K.L.:
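Submitted below is the structure of interest, expressed as C-alpha cells.
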Amino acid sequence: MFLKRYLVYAGVLLLLVLSVSVGTKNVSSRELPDASSAGFVEKLYRLDCGHSLANDQSVWTPGENQGHSIEFSSTCWLVKRGNQWLLWDTGVPEATVNDPNGWSTLPKLIVYRLDKTLTGQLAEIGLKPSDVAYVAISHTHGDHIGNVGLFPDARILMQRAEYEWIHGSNGPNENVNQLMALARRLLGNPRGMRLIDGDLDVFDDGSVTLISTPGHTPGSQSLLVHLRNSGFIILSGDVVHLEENFAKSRVPSLNTDKQASVESMDKIRQIIKTYNATMFINHDKKQTDGLKLLPAFYD
C-alpha cells in the first residue's frame, strides 16, 4: 500500500515539474470553434502600425520581381470582447515615429516608417496600454513585437515553438539570425508570458481563436475572430504577405520552412472555406489601404 501511494505521489510530482517553465505558464491547445455556436466579439479595430519600403521584392516573391522595390503595410488589430481588450501584434517601435531615417530589422533590405504611435491611437478611443489585457503575437519579427514593452501587465500569447526558436542556436541564414537576435532584445522577459502549443480558443467560446500556422517562423500563428455582422475574419500574421503569394502558394526566401509554409496556407484555405471567412493580409498594402482604420471598426 505504501509503495502504491508513493508511486502515485511521485507521478503527480513529476507532472507538476514537467508543466513548469521559467517565467512562463504553459497553455494547452484546443479545437477550432463550432461555427454554429461560436461566440462573438463586439468590435475589431485596425491600427496603423507602420509602413515599409523593401528594395528587392524577390525576397518575398522568389523567382520574380528581382531588384524591384515594394511597399508593405504593417497592421495591428484591437479586439473588444465585453470589457476585455486583446491586441494582435504591436508594430514598429514607437520611437520611430516621424523619424526621417526610419527603422529597420534588416537595414540592407527594408526600412520602416511610423506616422502614428500605438499609444496615441489607443487614446483616440479612450484607452491606455494598461487597459489591454491580452497581447497576442503572430511571430517575433521586429515589426510585429516592437512595442511589447508598453504592455508589462498584459498576458502575452505566443507559440512555444516561437519562443524556443529565438532562444535557440543560429542557422545558416544570417538575415534570419539577425531577426532572431532582434526578437530576443525586443521581446525581453514579459512576466505575463503564456506559451501555447497549437490552436487555442482564447476565451473558451469560439469568439477569438489562435491558429498555429508555422513556416514563416517556427511558431508563427494567425488569428480567427468572430463578429456578429462581419462574420469570421482571419488576421493573417505573416502566413502570407500578398494576395498573389496566397494564390500561387509562393513562399518568401526568409521563411524558415518552405513545406510548413505551404501547409499553413492550405490550412488557412480550409478555414476560409469552413467558416466562410474573410482574410485580412497584414503586409498587403493594396488590400490594407481599403480597410477601415481606427476609430472606425468592424462589428
Side-chain angles (χ1 to χ4, degrees), residues 31-35 38-41 43-52 60-61 70-81 86-89 91 136-139 141 143-144 157 159 198-202 206-217 219-252 254-255 258 260-294 296-299:
E31 295 181 355
L32 295 178
D34 180 343
F40 300 96
V41 300
K43 296 179 181 179
L44 175 66
Y45 294 89
R46 177 173 73 90
L47 290 79
D48 180 353
C49 280
H51 54 95
S52 57
W60 290 269
T61 59
I70 183 171
E71 191 172 7
F72 291 116
S73 55
S74 287
T75 306
C76 305
W77 292 91
L78 184 66
V79 177
K80 183 181 187 298
R81 177 187 175 274
L86 179 148
L87 181 65
W88 174 246
D89 282 342
I137 295 171
S138 65
H139 62 294
H141 285 169
D143 53 314
H144 294 258
L157 306 176
Q159 293 287 326
D199 304 333
L200 178 71
D201 184 343
V202 176
S207 62
V208 179
T209 309
L210 288 166
I211 309 295
S212 175
T213 49
H216 182 59
T217 63
S220 286
Q221 55 185 353
S222 304
L223 194 70
L224 181 67
V225 178
H226 191 207
L227 293 149
R228 191 173 298 277
N229 294 316
S230 300
F232 285 94
I233 292 178
I234 298 170
L235 307 179
S236 69
D238 281 6
V239 69
V240 62
H241 288 73
L242 303 164
E243 287 185 350
E244 186 178 354
N245 277 14
F246 193 52
K248 296 181 177 181
S249 294
R250 195 163 51 189
V251 177
L254 283 172
N255 282 26
K258 183 175 182 178
S261 298
V262 172
E263 291 173 359
S264 289
M265 283 188 271
D266 288 341
K267 181 177 181 177
I268 292 297
R269 289 189 188 96
Q270 185 58 50
I271 289 173
I272 289 173
K273 181 178 179 181
T274 299
Y275 297 97
N276 191 28
T278 301
M279 181 166 67
F280 293 158
I281 300 175
N282 177 64
H283 288 303
D284 192 321
K285 191 174 185 301
K286 181 178 179 181
Q287 183 200 59
T288 300
D289 284 348
L291 300 180
K292 295 178 182 180
L293 181 66
L294 180 150
F297 56 85
Y298 296 89
D299 61 9

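Bear in mind the structure is a predicted one, so any value in this text is a computation, not a measurement.
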K.L.:
For a 4.5 angstrom cut-off between non-hydrogen side-chain atoms, does Tyr275 reach Leu32?
P.N.:
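Touching, per the 4.5 Å side-chain cut-off.
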K.L.:
So do Val79 and Trp88 actually touch side chain to side chain, heavy atoms under 4.5 Å?
P.N.:
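Of all side-chain heavy-atom pairs linking Val79 with Trp88, none is under 4.5 Å.
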K.L.:
Taking side chain as C-beta onward, heavy atoms only, is Lys267 less than 4.5 Å from Val239?
P.N.:
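A side-chain contact under 4.5 Å is absent here.
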K.L.:
Can you give me the closest heavy-atom contact between Arg250 and Met265, atom names plus distance?
P.N.:
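Heavy atoms of Arg250 and Met265 come nearest at O-CE, 3.9 Å.
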K.L.:
How many angstroms lie between atom OG1 of Thr274 and atom CG of Leu224, to the nearest 0.5 angstrom?
P.N.:
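Going from the OG1 atom of Thr274 to the CG atom of Leu224 covers 10.0 Å.
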K.L.:
My understanding is that only residues two or more places apart in sequence, or in another chain, count here; which of them pass side chain to side chain donor-acceptor pair (under 3.5 Å) with Asp284?
P.N.:
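None.
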K.L.:
Examine Arg46 relative to Tyr298 and say whether NZ or CZ is less than 6.0 Å from the centre of the six-membered ring and inside a 45° cone about the ring axis.
P.N.:
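No, Arg46 does not lie over the aromatic ring of Tyr298.
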K.L.:
Indicate the atoms forming the closest heavy-atom contact of Val240 with Leu242, along with that distance.
P.N.:
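Looks like CG2-O, 3.2 Å.
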K.L.:
Quick one: side chain to side chain donor-acceptor pair (under 3.5 Å) partners of Ser222, sequence neighbours excluded?
P.N.:
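Result, side chain to side chain donor-acceptor pair (under 3.5 Å) vs Ser222: Thr213.
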K.L.:
Quick check for you: to the nearest 0.5 Å, what is the distance between Asn276 atom CG and Ile271 atom CD1?
P.N.:
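So the gap between those two atoms works out to 13.5 Å.
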K.L.:
Just verifying a value: how many Å separate Lys43 NZ and Leu294 CG, rounded to the nearest 0.5 Å?
P.N.:
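Separation between the atoms: 10.0 Å.
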K.L.:
Are a donor atom and an acceptor atom from the side chains of Thr217 and Ser220 found within less than 3.5 Å of each other?
P.N.:
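Their side chains do contain a donor-acceptor pair, which is all the 3.5 Å distance test asks for.
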K.L.:
If you define the side chain from C-beta out and look only at heavy atoms, does anything of Ser249 sit under 4.5 Å from Arg269?
P.N.:
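The answer is yes, as the side chains (C-beta and beyond) meet within the 4.5 Å cut-off.
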K.L.:
Between Thr288 and Asp48, is there a side-chain heavy-atom distance shorter than 4.5 Å?
P.N.:
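Asp48 does not reach Thr288 side chain to side chain.
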K.L.:
Any idea which heavy atoms bring Phe40 and His226 closest together, and the distance?
P.N.:
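Taking Phe40 first and His226 second, the nearest heavy atoms are CE2-CE1, 3.2 Å.
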K.L.:
If we ignore hydrogens and angles and just use 3.5 Å, is the side chain of Gln159 paired with the main-chain N or O of Pro214 as donor and acceptor?
P.N.:
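Checking the backbone N and O of Pro214 against the side chain of Gln159, no donor-acceptor pair under 3.5 Å is found.
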K.L.:
Rounded at 0.5 Å granularity, tell me how far CG in Asn229 sits from CG in Asp299.
P.N.:
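Reported to 0.5 Å precision, the distance equals 4.5 Å.
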K.L.:
Rounded to the nearest 0.5 Å, how far apart are NZ of Lys292 and CG of Leu44?
P.N.:
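Output value for this atom pair is 10.0 Å.
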K.L.:
Under the side chain to side chain contact (heavy atoms under 4.5 Å, CB included) criterion, do Ile281 and Asn245 qualify, and how do the steps go?
P.N.:
CA-CA 11 Å; Ile281 300 175; Asn245 277 14; over 6 Å; no
K.L.:
Are the side chain of Lys285 and the backbone of Ser73 linked by a donor-acceptor contact shorter than 3.5 Å?
P.N.:
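A pair under 3.5 Å: no.
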K.L.:
Look only at the side chain of Asp199 and the backbone of Ser212, and say whether a donor-acceptor pair between them is shorter than 3.5 Å.
P.N.:
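Here the side-chain-to-backbone pair exists.
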K.L.:
Are Ile268 and Phe246 side-chain neighbours, meaning at least one heavy-atom pair lies under 4.5 Å?
P.N.:
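Of all side-chain heavy-atom pairs linking Phe246 with Ile268, at least one is under 4.5 Å.
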K.L.:
Rounded at 0.5 Å granularity, tell me how far CG in Asn255 sits from CH2 in Trp60.
P.N.:
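The distance works out to 11.0 Å.
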K.L.:
Flag yes if more than 12 heavy atoms outside Lys286 fall under 6.0 Å of its NZ atom; otherwise flag no.
P.N.:
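No, the 6.0 Å shell around NZ holds no more than 12 heavy atoms from other groups.
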K.L.:
Taking atom types as modelled, is there a side-chain donor on His139 or Asp238 under 3.5 Å from an acceptor on the other?
P.N.:
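Indeed, the side chains of His139 and Asp238 share at least one donor-acceptor pair under 3.5 Å.
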K.L.:
List the atom of Cys49, the atom of Thr75, and the distance in Å for their closest heavy-atom pair.
P.N.:
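That would be CB-C, 4.2 Å.
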K.L.:
Mind listing the closest non-hydrogen atom pair of Gly206 and Ala38 along with its distance?
P.N.:
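Closest approach of Gly206 to Ala38: O-CB, 3.6 Å.
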K.L.:
Show the nearest heavy-atom pair for residues Ser236 and Asn282, with the distance to one decimal.
P.N.:
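In this case the closest contact between Ser236 and Asn282 is OG-N, 3.1 Å.
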K.L.:
Are His283 and Ser74 packed together at the side-chain level, in the sense that at least one heavy-atom pair is separated by less than 4.5 angstrom?
P.N.:
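Heavy-atom side-chain distance check passes, below 4.5 Å.
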K.L.:
So Leu223 and Trp77, do their side chains get closer than 4.5 Å, heavy atoms only?
P.N.:
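A side-chain contact is absent here, since even the closest heavy-atom pair is not under 4.5 Å.
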K.L.:
Do any N or O atoms from the side chain of Gln221 and from the backbone of Ala136 form a donor-acceptor pair under 3.5 angstrom?
P.N.:
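A pair under 3.5 Å: no.
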